[in-house]
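Structure, as structure tokens:
All residue numbers in this chain count up from 1 along the given sequence. A quick note: this is a predicted structure, and the numbers were derived from the prediction, not measured.
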Amino acid sequence: MNYALVLGGGGVAGVAWELGVLQGIADKDRDLAARLIGAGRVVGTSAGSAVAAQITSGTPLDVLYEAQLDQDGFDVEVEFDGPAMVAGWAAAMEPTADGTPPEPIEFRRRIGAMVLAMPTTAEAARLKEHEAHLPTTEWPDTDLVIPAVDAGSGELAAFRRDSGVRLLDAVAASCAVPGVWPPVTIGDRRYIDGGIRSVANVDLAAGADHVLVVTPQRPGTPPLFGPSVAEQAAALAPAKVLVISADDASAQAFGINPLSPATRAPSARAGRAVGRAQAAELAALFA
């Protein structure tokens, strides 16, 4: 069987939650979890790119999960003005001169222009933070796909092992939340969060027979950018697709600032409970 694992964006809380979900699946069916981690293709967007790089590194899943419960030595607290950031994104969605909504790629260009004009933390310092969280900076043999968006053109960049891009740079680019973290320079281009195209970029799993999508959003949450997870998942038919989303307890663990390191432990535990609860359905669907 041809498997694909898709991991969506969700900040620091999302990293911990997704690792928790996978650990919860392993609690119930370790062989199934191993098949997912060793899937023919792993797509990781934003927070999901960090998870994807970790789980394909060869580091045991339980080690990665336990690290989320240790609050020492992780990211510094981030000033996160959610309403202001969303307002900036909303401005990029303003209609064009003829009153029509901007095309998706034009919207992404607007976001890119906004980000390139904003002061943020130093790019080198942000790369060091990412490097500290990655077990290795070498690309795995797995077909790992890490989407980011070219801040100048608005085009998708789907980084892979053969792209000639460092894994560290690909992850940092995919995680470069507009207005929070600096764009990442790769060659002569600068890249921002892959979630600006789609929160999970599920369409990049096309061709797989069985697809698991893990996304730390509530079911039915309207997407800020691009098509919804449900729309992209439906378009993968006839593939068998299961979407694992956040529940009430998970949303509570994420709190109002999913970029805060204080969300790691509660989000990891909430994700583990979700993974345990979903493991049987996943095993039946992927049988």
Would R197 and D203 satisfy salt bridge (Lys or Arg N to Asp or Glu O under 4.0 Å), going step by step from the backbone distance to the final call? CA-CA 11 Å; R197 177 181 183 265; D203 59 317; 2.8 Å; yes

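- At most 12 heavy atoms of other shown residues, nucleotides or ligands fall within 6.0 angstrom of atom CZ in R30.
- With rounding to the nearest 0.5 Å, the separation of CD in Q54 from CG in L22 is 11.0 Å.
- Put simply, the side chain of L7 reaches to within 4.5 Å of the side chain of I55, judged on heavy atoms.
- K128 has no carboxylate O lying under 4.0 Å from a charged side-chain N of E131, or vice versa, which leaves the two without a salt bridge.
- Contact check on R218 versus D248 returns a salt bridge, with a Lys/Arg side-chain nitrogen under 4.0 Å from an Asp/Glu carboxylate oxygen.
- Using a 4.5 Å cut-off on side-chain heavy atoms (C-beta onward), D169 and L127 make contact.
- Between D143 and R160, at least one side-chain N (NZ, or NE/NH1/NH2) sits under 4.0 Å from a carboxylate O, which counts as a salt bridge.
- The main-chain N or O of V165 is never found under 3.5 Å from a side-chain atom of S163 such that the two would form a donor-acceptor pair.
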Could you walk me through whether K240 and D209 pass the salt bridge (Lys or Arg N to Asp or Glu O under 4.0 Å) check? CA-CA 6 Å; K240 293 182 177 181; D209 301 318; over 6 Å; no

Determine, step by step, whether S198 and Q232 satisfy the side chain to side chain contact (heavy atoms under 4.5 Å, CB included) criterion, reporting the C-alpha distance in whole Å, the side-chain angles of both residues, the deciding distance to 0.1 Å, and the verdict. CA-CA 9 Å; S198 162; Q232 289 191 324; 3.1 Å; yes

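- Ion pairing of E155 with R108 is absent here, as no side-chain N (NZ or NE/NH1/NH2) approaches a carboxylate O to less than 4.0 Å.
- Taking the side chain as every heavy atom from C-beta outward, S250 and V274 approach each other to under 4.5 Å.
- Of all the heavy atoms in W181 and T121, the pair that sits closest is CE3-OG1, 3.8 Å.
- For R264 (side chain) and A16 (main-chain N/O), no donor-acceptor pair under 3.5 Å exists by modelled atom type.
- Looking only at distances, a side-chain donor or acceptor of R41 sits under 3.5 Å from a matching main-chain atom of L204.
- A salt bridge is defined here as a Lys NZ or Arg NE, NH1 or NH2 lying under 4.0 Å from an Asp or Glu carboxylate O, and R126 with E129 meets this definition.
- Of the possible polar contacts, none joining the S267 side chain to the W17 backbone as a donor-acceptor pair under 3.5 Å is found.
- Annotation: salt bridge (charged side-chain N to carboxylate O under 4.0 Å, His left out) contacts of D31 (sequence neighbours excluded): none.
- The shortest distance between side-chain heavy atoms of L64 and P135 falls below 4.5 Å.
- A cation-pi arrangement, defined by a distance under 6.0 Å to the six-membered ring centre and an angle within 45 degrees of its axis, is absent between R35 and F286.
- For E231 (side chain) and S228 (main-chain N/O), a donor-acceptor pair under 3.5 Å exists by modelled atom type.
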